[in-house]
Amino acid sequence: MHVALTGATGFLGLRLLRRLLDTHAWVTVLAHAGSGDALHRITRSLELTGAPSAFLARLPERLRVVETDLALPRLGLSARAFRELADSLGAIWHSAGSIHLEGDLPELRRTNVEGTRHVLELAAAGRAEPVVRHVSTAFVAGARRTGVAYEDELDDGAGFENAYEQSKYEAELLVHAWSREHGRPALVLRPSILVTDVPSHPELPSHPLQVVERILRDARRATVAAPPTATSSPNGAPDGSSRGAHGLPGPGARPRVRTVGHPHGRLNLLPVEHAADVMVRLSELPSSHGVDTYHVVHDRDVPVPTVVALLERLVPSRSTWSTPSRRTRRRWRP
């Protein structure tokens, strides 16, 4: 079976590609048109994540790169090129998408919803009737706070925390509608928060905790920009902190950060390498001939204070907890 993969240069897509190449002679990468040399970026990223040199040397003969635009009908391809691509495939992995949690809904729909629609059009056009493997998110359950969200549920009754969750929910609706219309199977994979212990590098995509760390570092640099001055405690003795000229923390200080969330909350963090392996193994299971959905999550949650403590070590700071309002919860998790 020949497979195509969208999002191969992304955080999860890169690991899916590595895993797919373990079981397939070659893979078609549907790369974003105009984004640069996808083969070079993939090779460099795999090198930085530990791929052996012999594996890297064979990539040019094992990867076929097709430049596409997911936001456009026929993926931006000519009618002939679109048909030839569709007819060459036995499976399509759709991993590309925007994970911009602060993005507005129209922007996210262009990528996550319309992109999915056009990938499904590609699958429908293929003579070999390629199977669809769609990467969603465990957070399609949205703002639901009680009970258990089951794999066969897809409900927007509780609303959503942000536009990203809603866009992924709407994309799943498209997969279900496509499967019913064409009588074809599809696989939906819902990962939780993906992380890695691979050291960060400017040429590698970031995972969520690295994004939060970068935000905190930027905020800290902004607060320590002013030259420090000594401050005193109420009894007149130095209080051990260093303050800038405008009352901001100086270079030696640990600025206080308001953490919006619940100190007894939990997060489900899953190593991305494990997630990719599980996803590929799930794709090898017999299909029900409808839409098979799996939550790809860790069997143990991580207490939120553990994550906050880690961030405090990476970016010296002190956290104070603030319970979010309904309006704030729709933007940040937890």
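Residues forming a salt bridge (Lys or Arg N to Asp or Glu O under 4.0 Å) with Arg313 (at least two apart in sequence, or on another chain): none.
Interatomic distance, CG of Leu12 versus OG of Ser95, reported as 4.0 Å (0.5 Å rounding). Residue Trp178 holds its CH2 atom at 4.0 Å from CZ of Arg184, rounded to the nearest 0.5 Å. The OH atom of Tyr150 sits 15.0 Å away from atom OG1 of Thr293, with the distance rounded to the nearest 0.5 Å. Between the CG atom in Leu46 and the CG atom in Leu204 there is a gap of 9.5 Å [rounded to 0.5 Å]. Interatomic distance, CD of Glu165 versus NZ of Lys168, reported as 11.5 Å (0.5 Å rounding).
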*asked:* Could you go through Glu170 and Asp156, starting from their C-alpha distance and side-chain angles, then the distance that decides it, and tell me whether this counts as side chain to side chain contact (heavy atoms under 4.5 Å, CB included)?
replied: CA-CA 9 Å; Glu170 293 177 2; Asp156 63 348; over 6 Å; no

*Are Leu173 and Leu154 close enough, and set up right, to give a side chain to side chain contact (heavy atoms under 4.5 Å, CB included), and what steps lead you there?*
CA-CA 8 Å; Leu173 290 180; Leu154 191 57; 3.5 Å; yes

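For His182, the NE2 atom sits in a packed shell: over 12 heavy atoms of surrounding residues, nucleotides or ligands are nearer than 6.0 Å. Within a 6.0 Å radius of CG in Leu77, more than 12 heavy atoms belonging to other residues, nucleotides or ligands are found.
The two residues Arg62 and Ala25 make their nearest non-hydrogen contact at NE-O, 2.9 Å. When all heavy atoms of Ala123 and Val132 are compared, the closest pair comes out as CB-CG2, 3.6 Å. When every heavy atom of Ala171 is checked against every heavy atom of Val113, the shortest pair comes out as N-CG2, 4.3 Å.
Side chain to side chain, His94 and Thr116 meet the donor-acceptor criterion of an N or O pair below 3.5 Å. Side-chain contact annotation: Thr196 with Glu273, donor-acceptor N/O pair under 3.5 Å present. With no hydrogens or angles considered, a side-chain donor-acceptor pair links Arg64 and Thr28 at under 3.5 Å.
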